[in-house]
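Down below is the structure, laid out as structure tokens.
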Amino acid sequence: MERMVILKEKLEQLRQQVLEQLNDMTDEKELNELRVRVMGKKGWLTEILRGMGGLPAEERPKAGQLVNRVRQELENKFDEVESNISELLKNARLKDESLDITLPGKKHELGGLHPLNGVLEELIDIFGSMGFDVVEGPEVETDYYNFEALNVPKDHPARDDQDTFYIAENLLLRTQTSSAQIRTMETQKPPIRMICPGRVYRADEVDATHSPVFHQMEGLVIDKGITMCDLKGVLEQFAKEIYGPETKVRFRPSFFPFTEPSVEVDVSCGVCGGKGCRVCKGAGWIEILGAGMVHPNVLSGCGIDPEIYSGFAFGVGLDRLTTTRHKISDIRLLFENDRCFLEQFNR
Ligand code: DAH
């Protein structure tokens, strides 16, 4: 009986002590530590329970009940305090992170395509609808692809017009996208229909119509029975889609080492309708591209038999196309990234 009393007292003492501590508990970590100290495997309650070993067998159930009641009470209290603390924490967090929805929001401005890319996308649509694939070529090119394979040997005067930036003796920044013709013919069998847009480089002084970096788009068609009629049809269609159906297209004989015959293509000036103005420099015509029937030397150099296949190629200056299309007076505007200028083209 004596022991039973002691047990009761001990339990009551522990109960009081723990409840007291729990009353002003506000910290989650401290709470967990206390829980372990009281309820844990080596905790105070377990210790008391162990002390019951000395009790006579008939008193043990009663003592067990006592211990369990206190354990249950304390457990409930621990849970209660725990949920109070987490409620407090949640409220504090909500207060901290409160959002003032009356503040004006941040405005995300919508960007737009650069006029060059806008024109390029139109070109891709136009040629895509005629079955052309879009290919890419490297901007750092070998002498072979940029000149040699295009029928421009080392001593050819055509190289003079395309003075450029050399990286090594036979490695340079490409002066024309025409190099993509060779790369395509080397890797694809006819029929071929491709366009290759991209940056090209020449050691030119900057002025209203020149830039050392500019853009071209190459086109190439190779198949059996391709003639100058196909060249004219495709290029006329393209010019009318870009400049409008009333546009007149003119083919002038010209020379390029990699085509025979070669032509230059002009369109009637959209500003004056052909009468002559500042944009067309009084000519009434604007030159937009060079083209021609692919030279047999170029075909055979790429392993394509010129007796069986023929084709045409063309090279468009994209910057020129963009400035004339949008009546932009100076090519430098395309490279300056002036937002006032660029915003006019947001479509
Ligand atoms: N590559 C020429 C240039 O930069 C343009 C050109 C002319 C490309 C005739 C062609 C072509 O494919 O057939 O001046």
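All values derive from a computational prediction rather than experimental measurement. Values below: every heavy atom of this structure, side chains too, minus hydrogens, waters and symmetry copies.
No salt bridge links D27 with K29; every basic N to acidic carboxylate O contact stays at or beyond 4.0 Å. Ion pairing between E236 and K232 fails under the 4.0 Å rule for side-chain N and carboxylate O. Between K77 and E80, at least one side-chain nitrogen of the basic residue sits less than 4.0 Å from a carboxylate oxygen of the acidic one, meeting the salt-bridge criterion. With salt bridges taken as basic N to acidic carboxylate O contacts below 4.0 Å, one links E141 and R183. Between R35 and D79 a salt bridge is recorded (basic side-chain N to carboxylate O distance below 4.0 Å).
Side-chain atoms of T322 come within 3.5 Å of backbone atoms of L318 as a donor-acceptor pair (strictly under, hydrogens ignored). The backbone N or O of M130 lies less than 3.5 Å from a partner atom in the side chain of R193, making a donor-acceptor pair. R250 places no side-chain N or O within 3.5 Å of a backbone atom of E264 that could act as its donor or acceptor partner. Not a single donor-acceptor pair under 3.5 Å links the side chain of S254 to the backbone N or O of S262. Judged by distance alone, the side chain of E121 and the main-chain N or O of G118 form no donor-acceptor pair under 3.5 Å. No donor-acceptor pair closer than 3.5 Å links the side chain of E28 to the backbone N or O of E82. In this structure, the side chain of N151 engages the main chain of P257 through a donor-acceptor pair within 3.5 Å. Not a single donor-acceptor pair under 3.5 Å links the side chain of T175 to the backbone N or O of R202. The closest donor-acceptor contact from the side chain of R174 to the backbone of G137 lies under 3.5 Å.
Smallest separation of non-hydrogen atoms from F256 and V263: CE1-O, 3.6 Å. The shortest heavy-atom contact between L173 and V140 is CD2-CG2, 3.8 Å. In terms of heavy-atom proximity, E148 sits nearest to P153 at OE2-CA, 3.8 Å. Residues L334 and P115 share a closest heavy-atom pair of CD2-CG, 4.0 Å. Contact detail for V135 and M194: the closest heavy-atom pair is CG2-SD, 3.7 Å. Across every non-hydrogen atom of A291 and L289, the tightest pair is CB-CD1, 3.9 Å.
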Quick one, L31 with L22, criterion side-chain contact (heavy atoms from CB on, under 4.5 Å). Give me CA distance, side-chain angles, the key distance, then yes/no. CA-CA 8 Å; L31 177 77; L22 280 177; 3.5 Å; yes

Pair T142-N170, side-chain contact (heavy atoms from CB on, under 4.5 Å): steps then yes or no: CA-CA 6 Å; T142 62; N170 286 315; 5.7 Å; no

What verdict does the side chain to side chain donor-acceptor pair (under 3.5 Å) test give for Q237 and E241, after you've listed the backbone C-alpha separation in whole Å, the side-chain angles of each residue and the deciding distance to 0.1 Å? CA-CA 6 Å; Q237 177 67 21; E241 288 203 42; 2.8 Å; yes

Worked verdict on E75 versus M39 for side-chain contact (heavy atoms from CB on, under 4.5 Å): CA-CA 8 Å; E75 245 164 33; M39 318 278 217; 3.4 Å; yes

Salt bridge (Lys or Arg N to Asp or Glu O under 4.0 Å) for E343 and R339? Distances and angles first, verdict last. CA-CA 6 Å; E343 274 164 5; R339 278 185 59 179; 3.2 Å; yes

Before giving the answer on side-chain contact (heavy atoms from CB on, under 4.5 Å), spell out for L45 and L11 the whole-Å C-alpha distance, their side-chain angles and the decisive distance to 0.1 Å. CA-CA 8 Å; L45 260 180; L11 272 175; 4.0 Å; yes

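A side-chain hydrogen bond (donor to acceptor under 3.5 Å, both in side chains) with E12 holds for exactly one of K8, Q16, K10; it is Q16.
Within the structure, the ring pair (Phe, Tyr, Trp, His ring centres under 6.0 Å) test picks out the following pairs touching residues 91-148 (sequence neighbours left out): F127-F132, F127-F238, F127-F314. Residue pairs meeting the salt bridge (Lys or Arg N to Asp or Glu O under 4.0 Å) criterion with at least one partner in residues 283-311, sequence neighbours excluded, are R252-E287.
Applying the side-chain hydrogen bond (donor to acceptor under 3.5 Å, both in side chains) test to S268 and every residue at least two apart in sequence or in another chain returns nothing. In this view, D100 and T102, L103 satisfy the side-chain contact (heavy atoms from CB on, under 4.5 Å) rule, not counting sequence neighbours. Scanning for ring pair (Phe, Tyr, Trp, His ring centres under 6.0 Å) contacts around F251 gives an empty result, with sequence neighbours left out.
The local environment of NZ in K90 is sparse, with at most 12 non-hydrogen atoms from other residues, nucleotides or ligands closer than 6.0 Å. In the displayed structure, E169 atom CD is contacted under 6.0 Å by at most 12 heavy atoms of other residues, nucleotides or ligands. In the displayed structure, E136 atom CD is contacted under 6.0 Å by at most 12 heavy atoms of other residues, nucleotides or ligands. Around the CD atom of E336, the shell of radius 6.0 Å holds more than 12 heavy atoms that belong to other residues, nucleotides or ligands.
The distance from atom NZ of K327 to atom CZ of R325, rounded to the nearest 0.5 Å, is 8.5 Å. Here NZ of K248 is found 9.0 Å from CD of E246. Values are rounded to the nearest 0.5 Å. In this structure, OG on S179 lies 10.0 Å from CD on E139, to the nearest 0.5 angstrom. Considering CG of L172 and CG of N146, their distance stands at 5.0 Å, rounded to 0.5 Å. Atom CD1 of I288 is separated from atom CG of L321 by 6.0 Å, given to the nearest 0.5 angstrom. Here the CG atom belonging to L171 is positioned 9.5 Å from the CG atom belonging to D143, to the nearest 0.5 angstrom.
Side-chain heavy atoms closer than 4.5 Å link hydrophobic residues (I, L, V, M, F, W, Y) into clusters, and following such links, even through other members, never connects L150 to V200. Note on V271 and F345: same hydrophobic cluster, where clusters join Ile, Leu, Val, Met, Phe, Trp and Tyr whose side-chain heavy atoms are under 4.5 Å apart, directly or indirectly. Hydrophobic cluster membership is shared by I286 and V119, with clusters built from Ile, Leu, Val, Met, Phe, Trp and Tyr side chains linked at under 4.5 angstrom. Placement of I195 and V234 within a single hydrophobic cluster is found when ILVMFWY residues are connected by side-chain heavy-atom separations under 4.5 Å, directly or transitively. Cluster membership check: L19 does not share its hydrophobic cluster with V36, using side-chain heavy-atom separations under 4.5 Å among Ile, Leu, Val, Met, Phe, Trp and Tyr.
Annotation: side chain of L123 is in contact with side chain of I242 (closest heavy-atom distance under 4.5 Å).
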Listed pairs under 3.5 Å, donor-acceptor, residues 210-231 side chains, sequence neighbours left out:
{"residue": "H210", "atom": "ND1", "partner": "D207", "partner atom": "OD1", "Å": "3.0"}
{"residue": "H210", "atom": "ND1", "partner": "D207", "partner atom": "OD2", "Å": "3.3"}
{"residue": "S211", "atom": "OG", "partner": "V213", "partner atom": "N", "Å": "3.2"}
{"residue": "S211", "atom": "OG", "partner": "V213", "partner atom": "O", "Å": "2.6"}
{"residue": "H215", "atom": "ND1", "partner": "D319", "partner atom": "OD2", "Å": "3.0"}
{"residue": "Q216", "atom": "OE1", "partner": "T177", "partner atom": "N", "Å": "2.9"}
{"residue": "Q216", "atom": "OE1", "partner": "T177", "partner atom": "OG1", "Å": "3.3"}
{"residue": "E218", "atom": "OE1", "partner": "T177", "partner atom": "OG1", "Å": "2.8"}
{"residue": "E218", "atom": "OE1", "partner": "S178", "partner atom": "N", "Å": "3.2"}
{"residue": "E218", "atom": "OE1", "partner": "S178", "partner atom": "OG", "Å": "3.3"}
{"residue": "E218", "atom": "OE2", "partner": "S178", "partner atom": "OG", "Å": "2.9"}
{"residue": "E218", "atom": "OE2", "partner": "Q181", "partner atom": "NE2", "Å": "2.7"}
{"residue": "T227", "atom": "OG1", "partner": "C229", "partner atom": "N", "Å": "3.1"}
{"residue": "D230", "atom": "OD2", "partner": "T227", "partner atom": "N", "Å": "2.8"}

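Taking the six-membered ring for Trp and thresholds of 30 and 60 degrees, F255 and H156 have nearly parallel ring planes, at less than 30 degrees apart.
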